[in-house]
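All values derive from a computational prediction rather than experimental measurement.
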Amino acid sequence: MKSYPNANPIILTAGDLSDFSNSNHATLPNGITIVSESEYDKHMATNNKQWRNQHVVQGELTAYDGLSIRYYHASHQGNAKGCIVMLHGYCGFWGKFHEMAEYYWRAGYEVFFIEHRGHGYSGRQIDGDDLVHVNSYNDYTRDIHQFMTEIVKPHIGDLKCIMFGHSMGGAIVALYLEQYPGVFDAAILSSPMFEIRTGGTSKLLVKLLLAKIKLLRQEKQPFPGGNAWDGVPTYDKSSAMSEPRYMYIFNQRLADSHYHTNRMSNGWGYASFRTTPKVLKDAHKIDIPILLLTSGNDALVDLEGHYRFADSTPNTEFVIYEGAKHELYNGTEEILEDYYARIFEFLEKIRRGNS
């Protein structure tokens, strides 16, 4: 890896997370308790479900091209500390973030969650329940900007607004902040997709494949190497470190074909490989406070992209969880305690204007 002198990450080992006397250890705010694995199934079936039934409403936004975009909103009826707008990752949907959304709401924040085009109950531009497709990441950012303009901002008024983005959602967050400055006050990036791991495939071969996709107009065909949805759980090979959390999400996939997204189209692959270099090239344009939370053992995104981003942005707090997998929000109990503590400390600094 190249040298990135301005990145300055905090690198946390398993020992750091279990040692509460460590100066790097963050603490959770009063009133927020992370659900233990032993209580997880019961909590999600009772408390979380009841919270969603009582406080979460769903809505539909008609995008510029006529596509329907599904969103969810949990309101505090005018008494919120601030606002969180959540963006999921590739193959994600609302149900993957039920737990996180509840924590944000219980901490006093308005919560908005959008299912990106091609995901969940939002409209699709391609046949096949398990294929994710987009023509351009500009479609994602355009959808977000319309969502902010027509739905979020009229509701929240002058409340401070923070973006959260996981993986692909993190790339969309960064691209949005570069394209539409001044809308958000801060952002939280969780394992953002700034540089995609390609396994043993060389960058040259990837470039040739992308050129072939464009030349032969194969955008709506499946990207090579993807597996169709087969309804078989694969926790051991997954990006999660908590089996109850993995199974909660998997069981939703099993029950609803809208959540079968499991592989990418050539168009999504082409758009993603074109977008990530642009995000890093223009990262210097982002000057709002950023909390960058990174997985040290990530099989999907390359850590170097996070170093490059942190090195280029003037106001980024960069934390690496050594040994953690891609889905930090589905990590071990020790990871989750620290992960959420840092998020809430960051949110409080933004709320108080101490960025």
Worksheet item: Got L131 and R263 here, is their nearest side-chain heavy-atom distance under 4.5 Å?
Response: yes
Worksheet item: Between F344 and Y104, how do the two ring planes meet: parallel, tilted or perpendicular, split at 30° and 60°?
Response: perpendicular
Item to complete: State plainly whether the residues E345 and R342 are in salt-bridge range, i.e. N to O under 4.0 Å.
Response: no
Practice prompt. Return the orientation label for the Y137 and W268 ring planes: parallel under 30°, perpendicular over 60°, tilted otherwise.
Written response: tilted
Worksheet item: Is a side-chain donor or acceptor of K160 paired with a backbone partner of A186 at a separation under 3.5 angstrom?
Response: no
Worksheet item: Applying the 4.5 Å side-chain criterion to the ILVMFWY set and letting contacts propagate, would M148 and L61 be lumped into a single cluster?
Response: yes
Practice prompt. Indicate yes or no for a side-chain donor-acceptor contact from S265 to the backbone of V132 under 3.5 Å, with no hydrogens or angles considered.
Written response: yes
Worksheet item: Would K2 count as a cation-pi partner of Y307, with NZ or CZ less than 6.0 Å from the six-membered ring centre and within 45° of the ring normal?
Response: no
Worksheet, complete the sentence: In short, I11 meets E322 closest at the heavy-atom pair CG2-OE1, 3.7 Å
Practice prompt. Examine the side chains of Y40 and S242 and answer whether a donor and an acceptor come within less than 3.5 Å of each other.
Written response: no
Item to complete: Assign the ring pair W105 / H76 to parallel, tilted or perpendicular, where the plane angle (0 to 90°) is split at 30° and 60°.
Response: parallel
Worksheet item: Are I172 and Y180 co-members of a hydrophobic cluster defined by side-chain heavy atoms under 4.5 Å apart?
Response: yes
Worksheet item: Does the side chain of Y71 pick up a donor-acceptor pair with the side chain of D143 at under 3.5 Å?
Response: no
Worksheet item: Between the side chains of H55 and N53, is a donor N or O closer than 3.5 angstrom to an acceptor N or O?
Response: no
Worksheet entry | Cation-pi geometry met for R308 and F194 (6.0 Å, 45°) | no
Worksheet item: Just checking, any donor-acceptor pair under 3.5 angstrom between side chains of Q179 and N138?
Response: yes
Discussion item. Whether the side chain of D287 engages the backbone of P314 through a donor-acceptor N/O pair (distance < 3.5 Å, no angle test) should be reported.
Written reply: no
Worksheet item: Looking only at side chains, do E327 and H166 share a donor and an acceptor under 3.5 Å apart?
Response: no
Item to complete: Verify, without hydrogens or angle tests, whether S238 (side chain) and Y235 (backbone) share a donor-acceptor contact under 3.5 angstrom.
Response: yes
Discussion item. Please check this pair: side chain of D302 against backbone of R197, looking for a donor-acceptor N/O pair closer than 3.5 Å.
Written reply: no
Discussion item. Would you call the rings of W229 and F250 parallel, tilted or perpendicular, taking 30° and 60° as the class edges?
Written reply: tilted
Discussion item. Please verify the inter-ring angle class for F273 with F223; under 30° counts as parallel, over 60° as perpendicular, anything in between as tilted.
Written reply: parallel
Practice prompt. Decide whether F93 and L254 are clustered together by the hydrophobic rule: side chain heavy atoms of Ile, Leu, Val, Met, Phe, Trp, Tyr closer than 4.5 Å, transitively.
Written response: no
Worksheet item: Do side-chain atoms of N266 reach the backbone of Q218 as a donor and acceptor pair under 3.5 angstrom?
Response: yes
Fill in: Donor-acceptor pair, side chain of R117 and main chain of G123, under 3.5 angstrom
no
Fill in: Residue pair F147 / V85, side-chain heavy-atom distance below 4.5 Å
yes
Worksheet item: Are T13 and D16 close enough that a side-chain donor and a side-chain acceptor fall under 3.5 Å?
Response: yes
Item to complete: Can you label the angle between the Y121 ring and the H258 ring as parallel, tilted or perpendicular, going by 30° and 60°?
Response: parallel
